[in-house]
Amino acid sequence: MALMPKRVKYRKLQKGNRRGIATSGAQLAFGEFGLKVLENGWLKNTQIESVRVILARQLHKGGKLWIRVFPDKSITKKPAEVRMGKGKGDLDHWVAVIKRGRILFELGGVPEEYARQCFRLAAYKLPFRTKFITRIHK
C-alpha cells in the first residue's frame with residue numbers, strides 16, 4: 001500500500017521550491033535517535049515505504065518507529081515519445097519535499113549501537129546524505 005493523501009484539493013501541482021533549511025521537523029520529538037537529512041530534494045512514497053519495511057523488520061525484537069514525513073505533493077509525467085504541448089501529464093507518483101536539517105525517521109526503545117545499525121541499512125535506500133542524531137548526550 002503506497003503512502004498518499006486520501007484527498008487533495010488540486011490533483012496536479014507545480015514543481016515548487018526545494019531550497020532552504022527545514023524550520024519545522026528539525027528536532028527530535030518522539031524517540032531517542034533520529035535520521036537527519038543533509039541535502040534538499042524529493043522523497044518518493046516508494047522510498048519511504050522501503051525504509052519503513054527495513055526498519056520494521058529490524059525492530060521485531062522491540063522498539064518503536066516514527067515516520068516524520070508524508071508524501072503530499074503529486075508529480076506528473078507524460079508518456080514516452082509524446083510531442084510537446086497538449087497539457088500537463090498524468091499523475092505518476094507522490095513525493096515529500098525534504099529540506100536539509102529535516103528528521104525523516106525516529107527510533108526509540110533500542111540501544112544506540114542497534115539504532116545506528118538500523119539507520120545505516122535505511123540510509124542505503126534514501127537518495128540523500130544523512131546523519132545519525134541522538135537525544136542522549138554522553
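The model shown is predicted, which means the values in this text are computed figures rather than measured ones. Positions are given from 1 along the sequence.
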If every non-hydrogen atom of [X] is compared with every non-hydrogen atom of [Y], which pair is closest and at what distance?
X: L107; Y: C118; result: CD1-CB, 4.0 Å
X: A2; Y: N45; result: CB-ND2, 3.8 Å
X: V110; Y: F33; result: O-CE1, 3.2 Å
X: P5; Y: P71; result: CD-O, 3.4 Å

Please identify each residue that fulfils side chain to side chain contact (heavy atoms under 4.5 Å, CB included) with [X], with sequence neighbours left out.
X: P127; result: L43, Q47
X: N40; result: K99, R100
X: D92; result: K77

Hey, could you give me the [atom1]/[atom2] distance between [X] and [Y], rounded to the nearest 0.5 Å?
X: L3; Y: D72; atom1: CG; atom2: CG; result: 11.0 Å
X: I48; Y: L126; atom1: CD1; atom2: CG; result: 9.0 Å
X: K131; Y: K36; atom1: NZ; atom2: NZ; result: 7.0 Å
X: I67; Y: R52; atom1: CD1; atom2: CZ; result: 6.5 Å

With a cutoff of under 4.5 Å between side-chain heavy atoms, which Ile, Leu, Val, Met, Phe, Trp and Tyr residues group with [X]?
X: I54; result: L121
X: V53; result: none
X: V95; result: W42, I75, V97

**Request:** Return the set of residues passing side-chain hydrogen bond (donor to acceptor under 3.5 Å, both in side chains) with E106 (not counting sequence neighbours), or none when no residue passes.
**Result:**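 Checked E106 against side-chain hydrogen bond (donor to acceptor under 3.5 Å, both in side chains); matches are R68.
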
**Item:** Partners passing side-chain hydrogen bond (donor to acceptor under 3.5 Å, both in side chains) against R120 (at least two apart in sequence or in another chain)
**Value:**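 Once residues adjacent in sequence are excluded, R120 has no partner under the side-chain hydrogen bond (donor to acceptor under 3.5 Å, both in side chains) criterion.
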
**Prompt:** Take atom NZ in K73; do more than 12 heavy atoms of anything else shown fall under 6.0 Å from it?
**Reply:**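 Atom NZ in K73 is crowded, with more than 12 foreign heavy atoms closer than 6.0 Å.
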
Transitively linked via ILVMFWY side-chain contacts under 4.5 Å: [X] with [Y]?
X: L35; Y: F128; result: yes
X: V51; Y: V37; result: yes
X: L104; Y: F70; result: yes
X: I103; Y: F132; result: no

Indicate every side-chain donor-acceptor pair of residues 12-29 with a distance under 3.5 Å to a residue at least two apart or in another chain.
{"residue": "K12", "atom": "NZ", "partner": "K88", "partner atom": "O", "Å": "3.4"}
{"residue": "K12", "atom": "NZ", "partner": "G89", "partner atom": "O", "Å": "3.2"}
{"residue": "N17", "atom": "OD1", "partner": "R19", "partner atom": "N", "Å": "2.8"}

**Asked** With distance as the sole test, does S74 use its side chain to make a donor-acceptor pair with the main-chain N or O of R11 at under 3.5 Å?
**Response**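 Here the side-chain-to-backbone pair exists.
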
**Request:** Could you note down all residue pairs passing ring-ring contact (aromatic ring centres under 6.0 Å, His included) where residues 3-32 supplies at least one of them, sequence neighbours left out?
**Result:**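 For residues 3-32, and leaving out neighbouring residues, the ring-ring contact (aromatic ring centres under 6.0 Å, His included) pairs sorted by first residue read F30-W66.
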
**Asked** Any ring-ring contact (aromatic ring centres under 6.0 Å, His included) pairs touching residues 85-113, not counting sequence neighbours?
**Response**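 Checked against ring-ring contact (aromatic ring centres under 6.0 Å, His included) - neighbours excluded - no pair reaches residues 85-113.
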
